[in-house]
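The following block contains the structure, expressed as structure tokens.
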Amino acid sequence: MKLDEFLRLNAPEDLASLASAIAKASIDVWDSVPFKTGLLSETNPSGETQKAIDVFSNDVFVDALTSTGLVAEVASEEMAEPAASKGSVSVAMDPLDGSSNVETNNPIGSIFGFYSSKLPAPGRDLLGALYVTYGTMVTLTFSFGKGVHRFVAVREGGSMPFQLMGVNLKLPEKPEVYGFGGRRSEWISQVAAFWESLEGRGLRNRYCGTFVGDYNQVLARGGIFSYPALAKNPRGKLRVLYECAPMAYINEQAGGYASDGSGNILDIQPGGLADTSPLYIGSSELVHELEKNISTA
Ligand code: AHG
Ligand code: MN
Ligand code: MN
């Protein structure tokens, strides 16, 4: 089944149009990657140097989303202020996740959250979320509140339409993989102790340095991904609006749980657009165990 047909049957009309616009734009982003890896001099609101691909993908997705006439605003990790438009859905996006991995050809991605209220908003206001992986395959994984579904881009002559790959994806019962970002020497002690315990419990260390790629394998294999609280940076690195909440929404739809170390990521009311949070996401039992270790320390 083609993406637009599935969306017409399984998503609210406006969100279906937005997902379809993102799907088309994602192929333009993917096609551009080999040509857009140079560094630009600008920095983004988080103070990170912007790579050409961050800015290019941001502009491609802002155009694709605002030209639908369905979005009230598009907030992006790469823009200080949201792009305003005249629709009703507030979109928050990380247009290119893992851009530092482009030169090494590691998986990279794009993350989108569709909010019902003005940004910054809590994850509880999400109407849906979607992430693109640009890796061995280009896939769209999304949920609009009725399960997690996946489509894959397949070449058809000069175009790359998206075909159905799986519906109602769920985290497997048995957790198999784990991946923790940041430097081990900087993790808070409860995270270090928990990480040490995982190999003895039969889990395998699988970390690629891109949140989307690292989470995508947790969804497939079960387990936990984290970009944890750091001794020098208790608020972690990943942005609540653009990265943590949309992925926590999908993860929860797949039967998992995502925590900031004290409670559900989806309950965070971000103070600002670029607020960050420690993130522990994946199989519910594992994440609740780590949350308990951290919150009762
Ligand atoms: P982005 O490229 O959107 O800034 O995101 C990169 C993030 C995330 O993808 C990954 O988990 C994390 O940065 C890795 O951080 P370190 O390079 O500090 O390990
Ligand atoms: Mn990112
Ligand atoms: Mn990014």
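Reckoned from all heavy atoms, side chains included, excluding hydrogens, waters and symmetry mates. Computed from a predicted structure; not experimentally measured. The first residue in the sequence is number 1, and the count goes up from there. When a ligand or atom number is given, it counts from 1 through the structure's own listing order.
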If you measure from each non-hydrogen atom of Tyr207 to ligand 1, which part falls under 4.0 Å: side chain, backbone, both or neither?
-> side chain
Ser99 near ligand 1, heavy-atom distance under 4.0 Å?
-> yes
Would the Phe151 and Phe6 ring centres measure less than 6.0 Å apart?
-> yes
Do the two ring centres, one from Phe61 and one from Phe112, sit under 6.0 Å apart?
-> yes
Is the closest N or O pair between Phe211 and ligand 1 shorter than 3.5 Å?
-> yes
Would you please determine whether Gly181 falls within less than 4.0 Å of ligand 1 on a heavy-atom basis?
-> no
Any heavy atom of Leu96 under 4.0 Å from ligand 1? The part involved is backbone
Ignoring angles and geometry beyond distance, decide whether Arg239 reaches within less than 3.5 Å of ligand 1 through its nitrogen or oxygen atoms.
-> yes
For the Mn ion (ligand 2), how many protein N, O or S atoms lie at less than 2.8 Å?
-> 3
Aromatic contact, Phe225 with Phe211 (centres under 6.0 Å) | yes
So, is Gly98 polar-close to ligand 1, with some N/O to N/O distance under 3.5 Å?
-> yes
Taking both backbone and side-chain atoms of Thr210, is any N or O found less than 3.5 Å from an N or O belonging to ligand 1?
-> no
